[in-house]
Amino acid sequence: MISSDVIRGYNDTIILFMLREKPSYGYEISRRIKEISDEKYVIKETTLYSAFTRMEKNDYIESFSQVGENGKNRTYYRITDKGKDHFKEKCEEWALTKDVIDRFVVA
């Protein structure tokens, strides 16, 4: 399991990655993160919703209400153009960060 301290700076990037596919809601995003990471990373609900609030304030995502498959009204999130630009910047930052850290970490 990955420590939340290690991955904290990349939660927004992970969420934006998920939203590039299609709009989604909190539980589905959390479930997909767990699934894609082979259960090595489980995002906490408070972390997820704090990220939604922060990213919405920064105009990286926008929320809207929609009736889900179960007939319940849910809050969905979608990535904005500004969010796509931010995602790209964070991916470039990660490549640089990984290059530097790889020089100091022995596998």
Side-chain angles (χ1 to χ4, degrees):
M1 186 79 72
I2 295 174
S3 161
S4 59
D5 288 339
V6 171
I7 208 160
R8 181 178 297 130
Y10 285 91
N11 281 321
D12 292 3
T13 307
I14 292 167
I15 294 165
L16 291 172
F17 171 84
M18 304 302 297
L19 293 175
R20 286 177 47 219
E21 280 182 19
K22 64 179 181 157
S24 191
Y25 56 94
Y27 176 75
E28 183 178 52
I29 291 170
S30 144
R31 184 183 55 75
R32 291 279 295 136
I33 290 169
K34 183 178 177 182
E35 180 183 296
I36 290 170
S37 72
D38 291 327
E39 298 188 20
K40 293 179 182 134
Y41 182 55
V42 177
I43 192 166
K44 295 177 183 165
E45 191 174 323
T46 53
T47 302
L48 183 63
Y49 286 95
S50 293
F52 286 154
T53 300
R54 179 179 54 257
M55 288 192 295
E56 206 162 15
K57 280 183 185 174
N58 289 325
D59 296 322
Y60 298 153
I61 63 172
E62 56 190 15
S63 62
F64 61 98
S65 291
Q66 181 174 313
V67 176
E69 294 140 16
N70 62 0
K72 286 186 176 180
N73 204 23
R74 295 185 185 272
T75 300
Y76 279 74
Y77 299 89
R78 73 177 138 238
I79 192 169
T80 63
D81 287 340
K82 189 173 178 182
K84 290 174 188 174
D85 291 341
H86 182 69
F87 176 78
K88 184 179 177 199
E89 289 169 14
K90 293 299 281 183
C91 288
E92 290 167 0
E93 177 186 276
W94 172 252
L96 178 59
T97 302
K98 184 179 180 319
D99 179 56
V100 170
I101 296 301
D102 281 350
R103 295 168 192 249
F104 297 97
V105 176
V106 179

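Sequential numbering from 1 along the given sequence is applied to the chain's residues.
The number of heavy atoms from other shown groups lying within 6.0 Å of CD (E45) does not exceed 12. Sparse packing is recorded around OH of Y27, with 12 or fewer heavy atoms of other residues, nucleotides or ligands lying under 6.0 Å away. Atom OH of Y10 sits in a crowded spot, with more than 12 heavy atoms from other residues, nucleotides or ligands closer than 6.0 Å.
T75 places none of its side-chain heavy atoms less than 4.5 Å from the side chain of Y25. Under the 4.5 Å side-chain criterion, counting only non-hydrogen atoms from C-beta, K22 is not in contact with R78. Residues I43 and I7 have side chains not in contact (no heavy-atom distance under 4.5 Å, counting atoms from C-beta outward). Taking 4.5 Å as the limit, some side-chain heavy atom of E93 sits within range of a side-chain heavy atom of T97. M18 has its side chain within reach of I36: a pair of non-hydrogen atoms, C-beta onward, lies under 4.5 Å apart.
Counting all heavy atoms, side chain and backbone alike, L19 lies closest to S24 at CD2-N, 3.7 Å. The two residues L16 and H86 have their closest heavy-atom pair at CD1-CD2, 3.7 Å. Contact record, P23 with F64: CB-CZ, 3.7 Å, taken as the closest heavy-atom pair.
The hydrophobic cluster containing Y76 does not contain I33, counting ILVMFWY residues as joined when their side-chain heavy atoms lie under 4.5 angstrom apart, directly or transitively.
Considering CD of E89 and OG1 of T13, their distance stands at 10.5 Å, rounded to 0.5 Å. Atom CZ of F104 is separated from atom CG of D102 by 11.0 Å, given to the nearest 0.5 angstrom. Atom CZ of F87 and atom CD1 of I15 lie 12.0 Å apart (nearest 0.5 Å). With rounding to the nearest 0.5 angstrom, the CD atom of E39 is 7.5 Å from the OG atom of S37. Between Q66 atom CD and K72 atom NZ the span is 15.5 Å, to the nearest 0.5 Å. Residue C91 holds its SG atom at 13.5 Å from NZ of K98, rounded to the nearest 0.5 Å.
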Worksheet item: Which is it for I29 and L48 under the side-chain contact (heavy atoms from CB on, under 4.5 Å) test, yes or no, and what are the steps along the way?
Response: CA-CA 9 Å; I29 291 170; L48 183 63; 4.1 Å; yes
Discussion item. Between F17 and D12, is the side-chain contact (heavy atoms from CB on, under 4.5 Å) condition met? List the steps.
Written reply: CA-CA 8 Å; F17 171 84; D12 292 3; over 6 Å; no
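Y60 and D81 are not linked by any side-chain donor-acceptor pair at a separation below 3.5 angstrom, with hydrogens and angles left out of the test.
Side-chain rings of F52 and Y77 approach one another, their centers coming within less than 6.0 Å.
With respect to the salt-bridge test (charged N to carboxylate O, under 4.0 angstrom), the residues E28 and R74 do not qualify.
A donor-acceptor contact shorter than 3.5 Å links the side chain of N58 to the backbone of R54.
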